Visitor: 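Sharing a structure below in structure tokens format, with a few things to ask.
Quick caveat, the model's predicted, so the values are computed rather than measured.
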Amino acid sequence: MPQPRKIVITSALPYANGPIHLGHLVEYIQTDIWSRFQKMRGHECYYVCADDAHGTPIMLRAQAEGITPETLIARISKEHQQDFAGFNIGFDHYHSTHSVENQYFATTIYERLKAQNHISRKTIKQFFDPEKSMFLPDRFIKGTCPKCKATDQYGDNCEACGATYSPTDLIDPKSVISGATPIEKETEHLFFELAHFNDELKAWTHQGHLQTQIANKLDEWFESGLRAWDISRDAPYFGFEIPGEKDKFFYVWLDAPIGYMASFKALCDRKGLDFDDYWGKDADTELYHFIGKDIIYFHALFWPAMLSGANFRTPSAIYAHGFLTIDGQKMSKSRGTFIMAKTYLDHLNPEHLRYYFAAKLNSRIDDIDLNLEDFAQRVNSDLIGKVVNIASRCAGFVVKKFDGKLCEDWSPIALALYQSFLDKSESIAELYERREYVQAMRDIMALADKANEYIDDTAPWVLAKQPNQQAALHESVSLGINLFRVLITYLAPVLPDTALKSADFLQLTSLQWRDIEQPLVGHIIKKFKPLMTRIEAETLIKMMDASKGDIAAQAPKSTLGSTEATKANPASAPDPVATEIEFDDFAKIDLRIAKIVNAETVPEANKLLKLTLDIGLGQRQVFAGIKSAYDPSKLIGKHTVMVANLKPRKMRFGLSEGMVLAAGPGGKDLFLLNPDDGATPGMRVN
RNA sequence: GCCUCCUUAGCUCAGUUGGUUAGAGCACCCGACUCAUAAUCGGUAGGUCCUGUGUUCAAGUCACAGAGGAGGCACCA
């Protein structure tokens, strides 16, 4: 056994603007498995995390809900922690970036960087909302795309034609917050001079701190040159004020990673640990950050540069993972695959998901897929059919025939089999250590197969009927129980709750990795109770249905995609109501019920479907930008609503004689209007 | 537009520096068994290694081109 190591582990901080979903959980489960593994191995290991609580989206959402940001983030933090607890994520401490510790470290780091001349100032031009008196991030400005004239596009790029531009290029820009026309205004911002650390970072990224895939990716970034990082935001902003400045705040991404330190500091205060042992410049302890591949830039460049420049230690390693897809596709609200942690917990066992993720996770940054059918099969077969079954099929004999007592003496064959299980201990540990969980799970399941084969070979149910074979029977089932104990020990980082239940069944007080070196002899076990039940296909369907329901219930305030990448995305705020109009203006619009008599894709168009609509008075040809959300064959025969008197528009693909009505942000999330039963083509909509 | 990565059995994935008949688990099918949560054990079957061209004595593995997918850059971080 090597010397106990001192280890700090973190997962990326979830943003306090939305619920935890299965995509987040890949990371927390991956990290938690590693943390539990290290603890089982006898190391001194601390796993800390926190809510990332600052920034414009949080400020605005709090306003929209009529509460203070502090109230909002307190509520979200509670929700997050409930979800994490539900999945048995065992943080040693969970904190918030809106905390005194974080303010202290953010300020300290900033001041040290400033003292070393790593902070510069530059005046930039930015859009400003005159009604709300605040500067607007690009994503909070919408307008017409200067290139393709698509309306309602964000300030940074056009979702219709893919063009990128600056918000000042938008035609008819509007603030997403107030609807006002923004004005351009100059403002002075503070920048962190990342380029000062160019050589140091180049070296650091190739010293084994990163996965090779990532180190290579970073080389591309080095080639294009490191730019200074804008770290200030103007008031009003929910965050920490920058010392020595007026009405300037730290950008949320500056104090987010510092939250790792803050959380650990809070843990130190609680437990009497020495913070500098872990974060001081010359600390010889280990520090690991688990993150999603979307936030590599922040963690592999800004973060070590900030730490180094401020005279703190840099991380031992950064471990990035890929995204989660569900049934091979990105999580989608309309398909019900946007599954919240809570929704999952309402229907399924968290340990099942932990196992499935473990069975798919390796040390690389490839995306992993949650294939629901495979999920059920894999979990049922591996965990219930193989592992738990071993205990289940042996325990009855032990309890009924031997009063729950395991045998004392083992034959050479039994000893050899047990030893063969122990022989795998270090190689499985090595796989956990290297985060090759896939291989670890395979190896453990191969052992489970061996255990089942042994039971089959010795056939305790046959021995039980032969009075002179009681000793053989006793050994067979006792060894079965012992092998189960080894397996559940190996699986304990992945299945903490099942391990705990197993420990109770086996009457064990400890489930450390090394405990298995001493087999259970003459030991009393309890009556067996099912440790886990199977996943039913029906339950999965129910969960998917519930997910769709969740989306409907809280469509306007859901979060998107990955961990933190969407921080600046104001998807949470519904668009403001447009300028008031007269009834006459409304009456001009001739809306009609239309039957879709034909729908086909337009080969050269990315987003368009060509629809033929029957409105009673004849047929109309309409091009609609809904290809991403609808399969044309499924539209035929449906009724919807169209603007019948819209001036026809010549498009590259033909004449479009009207417009169908649909709601939603775009992509998969587009929803055609559908009249209630009874409406027939041609009816006017009032 | 430029760049990187991925594509192996119905599903999920292994395939070492190019070297015999390409592997595993699950599912399927057949047989055995009945201790066990219809679990387990044995066996059969299942592959144009995305496509094409090339390098080589030899290509899943190397090169080039193409298709599909993911991501990055150009804008932002």
Visitor: Applying a 3.5 Å limit to both distances, which nucleotide forms a Watson-Crick or G-U wobble pair with B/C5?
Guide: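 For B/C5, the partner nucleotide comes out as B/G69, under the 3.5 Å rule.
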Visitor: Taking the minimum atom-to-atom distance to the side chain of A/Asp374, which one of B/A36, B/A77, B/U12 wins?
Guide: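 Minimum distance to the A/Asp374 side chain belongs to B/U12.
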Visitor: Of the candidate nucleotides B/U37, B/A36, B/A77, which contains the atom at the shortest distance from the side chain of A/Ser392?
Guide: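 Of the candidates, B/A36 comes closest.
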Visitor: Say you pick atom C1' in B/G68 and the same atom in B/G52; how far apart are they, in whole Å?
Guide: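 Straight-line distance between the two C1' atoms is 15 Å.
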Visitor: A/Lys401 has an atom NZ; how far is it from atom P of B/A36, in whole Å?
Guide: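 Rounding to the nearest Å, NZ of A/Lys401 and P of B/A36 are 12 Å apart.
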Visitor: Choosing from B/U37, B/C26, B/C35, which nucleotide comes nearest the side chain of A/Ser381?
Guide: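 Nearest to the side-chain atoms of A/Ser381, counting from C-beta on, is B/C26.
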Visitor: Which residue, A/Lys360 or A/Lys386, contacts RNA chain B at a nucleotide closer to its 5' end, judged by nearest heavy atom?
Guide: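 Nearest nucleotide further toward 5': that of A/Lys360.
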Visitor: With a 3.5 Å limit on both atom pairs, tell me what B/U16 is paired to, counting Watson-Crick and G-U wobble, or say none.
Guide: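 Across all strands, not a single nucleotide pairs with B/U16.
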Visitor: Select one nucleotide: of B/C26, B/A77, B/U37, the one nearest the side-chain heavy atoms of A/Phe298.
Guide: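 Minimum distance to the A/Phe298 side chain belongs to B/A77.
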Visitor: Parallel, tilted or perpendicular: which fits the ring planes of A/Tyr344 and A/Phe375, with parallel below 30° and perpendicular above 60°?
Guide: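 Tilted.
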Visitor: Can you tell which of B/A14, B/C35, B/U12 lies closest to the side chain of A/Arg364?
Guide: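 Output: B/A14.
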Visitor: B/C11, B/A27, B/U40: which one has an atom nearest the side-chain heavy atoms of A/Asn371?
Guide: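 Minimum distance to the A/Asn371 side chain belongs to B/C11.
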Visitor: Ignoring hydrogens and geometry beyond distance, is a side-chain donor-acceptor pair present between A/His118 and A/His196 at under 3.5 Å?
Guide: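 A/His118 vs A/His196: donor-acceptor pair found between side chains.
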Visitor: Over how many whole Å does the gap from A/Leu218 atom CG to B/G71 atom C1' extend?
Guide: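 For the pair A/Leu218 CG and B/G71 C1', the rounded distance is 14 Å.
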Visitor: Between A/Arg442 and B/G23, is there a side-chain N or O to OP1/OP2 distance below 4.0 Å?
Guide: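 Indeed not, no polar side-chain atom of A/Arg442 lies that close.
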Visitor: Listed by chain and number, what are the salt bridge (Lys or Arg N to Asp or Glu O under 4.0 Å) partners of A/Lys185, not counting sequence neighbours?
Guide: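 So A/Lys185 forms no salt bridge (Lys or Arg N to Asp or Glu O under 4.0 Å) with any residue.
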Visitor: Tell me which nucleotide among B/C11, B/C35, B/A24 gets nearest to the side chain of A/Lys465.
Guide: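 Of the candidates, B/C35 comes closest.
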Visitor: Could you measure between the two C1' atoms, the one in B/U34 and the one in B/C28, and give it in whole Å?
Guide: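 After rounding to an integer number of Å, I get 23 Å for this pair.
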Visitor: I want to verify a distance call: between B/C76, B/C35, B/G42, whose nearest atom is closest to the A/Glu453 side chain?
Guide: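 Looking only at heavy atoms from C-beta outward on A/Glu453, the closest nucleotide is B/G42.
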Visitor: Taking atom P of B/G69 as reference, at what distance in whole Å does atom CG of A/Asp367 sit?
Guide: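 Spelled out: CG on A/Asp367 to P on B/G69 is 15 Å.
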Visitor: Given that A/Tyr297 and A/Asp456 both sit by RNA chain B, which one's nearest nucleotide is further toward the 5' end?
Guide: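 In this pair, the answer is A/Asp456.
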Visitor: With respect to the side chain of A/Asp230, which nucleotide from B/A24, B/C35, B/A77 is positioned closest?
Guide: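 So the side chain of A/Asp230 is nearest to B/A77.
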Visitor: Applying the Watson-Crick and G-U wobble criteria at under 3.5 Å, what pairs with B/C33? Answer none if nothing qualifies.
Guide: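 By the stated definition (distances under 3.5 Å), nothing pairs with B/C33.
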Visitor: Partner lookup for B/A63, please. Criteria are Watson-Crick or G-U wobble with both distances under 3.5 angstrom; report none if nothing qualifies.
Guide: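 Looking at the geometry, B/A63 pairs with B/U53.
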Visitor: With ring pair (Phe, Tyr, Trp, His ring centres under 6.0 Å) as the test, would you mind laying out the steps for A/Tyr418 and A/Trp410 before giving the verdict?
Guide: CA-CA 10 Å; A/Tyr418 190 81; A/Trp410 290 20; 5.3 Å; yes
Visitor: Counting side-chain heavy atoms from CB outward, which of B/A70, B/A14, B/G25 is closest to A/Asn362?
Guide: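 Looking only at heavy atoms from C-beta outward on A/Asn362, the closest nucleotide is B/A14.
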Visitor: I want to know whether A/Phe505 and A/Phe528 have ring centres closer than 6.0 Å.
Guide: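 Here the rings of A/Phe528 and A/Phe505 have centres that are less than 6.0 Å from each other.
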